[in-house]
Amino acid sequence: MDDADVVVQTKPKTKRPPLYKVLLLNDDYTPMEFVVHVLERFFGMTHAQAFEIMLTVHKKGVAVVGVFSHEIAETKVGQVMDFARRHQHPLQCTMEKE
Ligand code: NFA
């Protein structure tokens, strides 16, 4: 076969959408019970799970609270930030590509 006729096979790529970690950050002022409530309300955790994750954030400074599509992660971050602001707590929630 002549070089001009060579066809490079394209990979059958089934691209999965990128996932985003939603992170909760520690601070000195947000009450522990408020953080537990946030985790129950917006991340569907049981009280025990929420308490455990809250303590991890409190001790380590940050924890992943869930992994979602870009759109869902953005929604969760917005919900947490709005809820914290409405209650005048400085709680911070961010997202980062996995
Ligand atoms: N560090 C906060 C306190 O001692 C509790 C907290 C936990 C805040 C997790 C933010 C995130 N009241």
Side-chain angles (χ1 to χ4, degrees):
M1 197 197 285
D2 192 84
D3 272 353
D5 299 325
V6 171
V7 174
V8 177
Q9 182 62 48
T10 56
K11 250 201 231 161
K13 44 181 172 228
T14 50
K15 278 242 222 157
R16 284 157 298 110
L19 292 175
Y20 293 78
K21 297 182 282 197
V22 170
L23 308 170
L24 204 61
L25 278 60
N26 188 36
D27 66 72
D28 292 339
Y29 305 104
T30 304
M32 290 186 172
E33 319 82 69
F34 183 83
V35 178
V36 170
H37 180 69
V38 161
L39 293 171
E40 291 173 331
R41 181 172 178 141
F42 298 115
F43 297 92
M45 296 183 192
T46 65
H47 190 78
Q49 286 173 329
F51 197 88
E52 195 177 302
I53 300 288
M54 180 280 296
L55 271 190
T56 301
V57 178
H58 177 70
K59 290 186 204 159
K60 309 232 171 169
V62 63
V64 175
V65 299
V67 177
F68 306 98
S69 69
H70 187 273
E71 189 178 356
I72 300 291
E74 245 178 13
T75 300
K76 300 280 182 195
V77 169
Q79 286 173 330
V80 173
M81 295 299 284
D82 279 359
F83 193 65
R85 187 160 359 99
R86 282 199 279 127
H87 289 84
Q88 303 193 320
H89 295 310
L91 184 64
Q92 295 293 305
C93 185
T94 61
M95 60 194 270
E96 72 178 30
K97 203 168 176 180
E98 223 182 26

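This is a predicted model, so every value here is computed, not measured. For ligands, and for the atoms within them, numbers begin at 1 and follow the listed sequence.
The shortest heavy-atom contact between Val77 and Cys93 is CG1-O, 3.3 Å.
The aromatic rings of Phe68 and Phe43 are tilted relative to each other, their planes meeting at an angle between 30° and 60°.
Panel note: side chain Thr56, backbone Glu52; a donor-acceptor pair is recorded below 3.5 Å. Side-chain atoms of His87 come within 3.5 Å of backbone N or O of Phe83 as a donor-acceptor pair.
For Asp28, the salt bridge (Lys or Arg N to Asp or Glu O under 4.0 Å) test picks out no residue, with sequence neighbours left out.
At a heavy-atom cutoff of 4.0 Å, ligand 1 is surrounded by Leu25, Asn26, Asp27, Thr30, Met32, Val35, Met54, Val57, His58, Leu91.
Residues Thr30 and Val38 are not in side-chain contact: their nearest non-hydrogen atoms beyond the backbone lie 4.5 Å or more apart.
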